[in-house]
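What follows is a short report on a single structure.
We're numbering straight along the sequence, starting at 1. Because only heavy atoms are used, hydrogens play no part in the values below, and waters and symmetry mates are left out as well, while side chains stay in.
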Amino acid sequence: MGAVRSQRPRLAGGSGGFVASADVAMLEDPPFDLLCPGRRPTGIGPVLLPAADDGDPDWDGFAHLLGRVAGTRLLPGINLGPGGADVVDASTRAEVLATAGAALGGEPFVTGVRAEAGDDGGFDPSRLAGAVQAAARHQAVPLLLPSPALATLSPDELLGLVAWTGDWCDRLLVAEAPAPGDDDGTWGVDVFGALLEVDHCIGVVHGSRRRRDEWDRLRRCTEDRPGFQVFSANDRAVDQIMYGTDHCLDLAAAVPDLVEARDDAWEAEADDALERQDALQVLSTIVSRDPIAGTRHALARILHLRGWLAHDRVVGEAVLRPPSDDDLLRAALDRLGA
């Protein structure tokens with residue numbers, strides 16, 4: 001695989017802002033210039049890591065879910081998203097990577113990597129270097145995830161670290177998302193602009209859940225580095241692909257086939273593209289509602305309801321959604337034909 005990308009058409013820029021009339025506030029510069037019907041988005045499909053009865057990973061369940069994502073046009077994403085790198089230790093992440101690498105047999109995929117503290121409590125670059133090098137050995141694209149250790153770095157130190165990873169890999173994605181426990185910890189657009197100058201950094205996974213932030217980044221890419229990818233992780237606005245983003249949605253862990261079908265319909269400019277989009281948003285809104293910590297269990301419930309997982313257990317501590325959610329999930333899945 002070359003870069004993790006599908007070609008984004010060149011888009012017109014704009015300044016943005018609001019004007020208010022006596023009766024209504026409206027966009028001065030709506031994002032209609034970004035609309036791109038017929039564009040095929042690149043999608044990353046996170047693979048849920050389920051748990052066995054004893055709390056250890058359910059490796060058979062993981063292998064089945066990996067195969068489900070790999071059977072679509074989405075890129076499997078391991079050690080990221082729900083039940084990913086933030087809830088398991090480094091040795092488990094290494095085993096997940098090795099398992100996925102062997103199962104996929106050289107097919108492209110994405111794996112999360114984390115900057116972590118060393119024995120002295122400070123950031124230990126050697127641990128990150130080892131994780132990135134392991135990803136490269138398995139022909140995976142590493143995705144640098146937020147972590148408490150990474151949050152201690154200044155913007156200049158962060159950019160230096162991203163540049164330094166070029167010694168260990170030739171392709172890197174960076175997650176521009178709040179660290180665990182931080183509700184609004186994304187970087188400014190200036191830091192994003194600096195990332196565009198790092199050749200081996202080929203894209204960001206943006207997780208602020210703010211549409212305009214993603215639109216600003218898309219326009220900045222168009223001006224400074226066409227082809228750089230912005231993967232939307234906004235499960236509350238899964239239609240961002242219509243404006244030119246790619247996607248890395250938690251929802252795809254449970255319905256990769258239905259996300260793929262939506263992408264197919266958008267690419268084909270099919271009559272039902274918006275209907276599929278609307279139905280996906282209904283399901284995603286149920287799954288990704290507050291508390292966000294319940295998302296992992298909601299996804300496991302969908303997988304269980306679909307018969308893809310024999311249970312609804314996930315690794316690590318999880319906020320459990322109530323049994324009454326099943327009626328809502330079934331209705332949303334039925335609308336999607338699942």
Do R219 and D33 pass the salt bridge (Lys or Arg N to Asp or Glu O under 4.0 Å) test, and can you show the C-alpha distance, the side-chain angles, and the key distance before you say yes or no?
CA-CA 10 Å; R219 290 189 171 103; D33 62 305; 2.7 Å; yes

For D264 and R40, run salt bridge (Lys or Arg N to Asp or Glu O under 4.0 Å): C-alpha distance rounded to whole Å, both residues' side-chain angles, the deciding distance at 0.1 Å, then the answer.
CA-CA 7 Å; D264 291 343; R40 178 77 193 193; 2.3 Å; yes

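D58 contributes a side-chain N or O that, together with a main-chain N or O of G61, makes up a donor-acceptor pair within less than 3.5 Å. Looking only at distances, no side-chain donor or acceptor of T111 sits under 3.5 Å from a matching main-chain atom of P142. With hydrogens and angles disregarded, no donor-acceptor distance shorter than 3.5 Å links the side chain of R127 to the backbone of G118. Between the side chain of Q281 and the backbone N or O of V238, at least one donor-acceptor pair lies under 3.5 Å. Using a distance-only test at 3.5 Å, with no hydrogens or angles considered, a donor-acceptor pair links the side chain of R39 to the main chain of T245. Here the side chain of R217 pairs a donor or acceptor atom with the backbone of D213 at under 3.5 angstrom. Side chain of D89 to main chain of T92: a donor-acceptor pair is present (N/O by atom type, distance under 3.5 Å, no hydrogens or angles).
By the 4.5 Å heavy-atom criterion applied to side chains, D53 and H311 are not counted as neighbours. For the pair L173 and V204, the minimum side-chain heavy-atom distance is 4.5 Å or more. Contact annotation: the side chain of W215 approaches that of L34 to within less than 4.5 Å [non-hydrogen atoms, C-beta and beyond]. Looking at heavy atoms from C-beta onward, L49 lies out of side-chain contact with L65 at the 4.5 angstrom threshold. For the pair E267 and R73, the minimum side-chain heavy-atom distance is below 4.5 Å. The side-chain heavy atoms of L144 and L128, taken from C-beta on, include a pair separated by under 4.5 Å. N79 is not listed as a side-chain neighbour of V113, based on a closest heavy-atom distance of 4.5 Å or more. The shortest distance between side-chain heavy atoms of L329 and V287 falls below 4.5 Å.
Side chains of T165 and H200: a donor on one and an acceptor on the other come within 3.5 Å. Checked by atom type, the side-chain pair D263/H247 shows a donor-acceptor distance below 3.5 Å. Side-chain contact, S126 with D124: a donor N or O sits under 3.5 Å from an acceptor N or O. Judged purely by distance below 3.5 Å, without hydrogens or angles, the side chains of H297 and R301 never pair a donor atom with an acceptor atom.
In this structure, L303 is a member of the same hydrophobic cluster as W59, with clusters built from ILVMFWY side-chain heavy atoms closer than 4.5 Å. In this structure, F231 is not a member of the same hydrophobic cluster as V189, with clusters built from ILVMFWY side-chain heavy atoms closer than 4.5 Å.
In this structure, CD1 on I78 lies 13.0 Å from CG on L48, to the nearest 0.5 angstrom.
Between R211 and D216, none of the side-chain N atoms (NZ, or NE/NH1/NH2) sits under 4.0 Å from a carboxylate O, so this pair counts as no salt bridge. Taking 4.0 Å as the cut-off between side-chain N and carboxylate O, R262 and D278 do not count as a salt-bridged pair. Between E214 and R209 there is no salt bridge, since no side-chain N of the basic residue sits under 4.0 Å from a carboxylate O of the acidic one.
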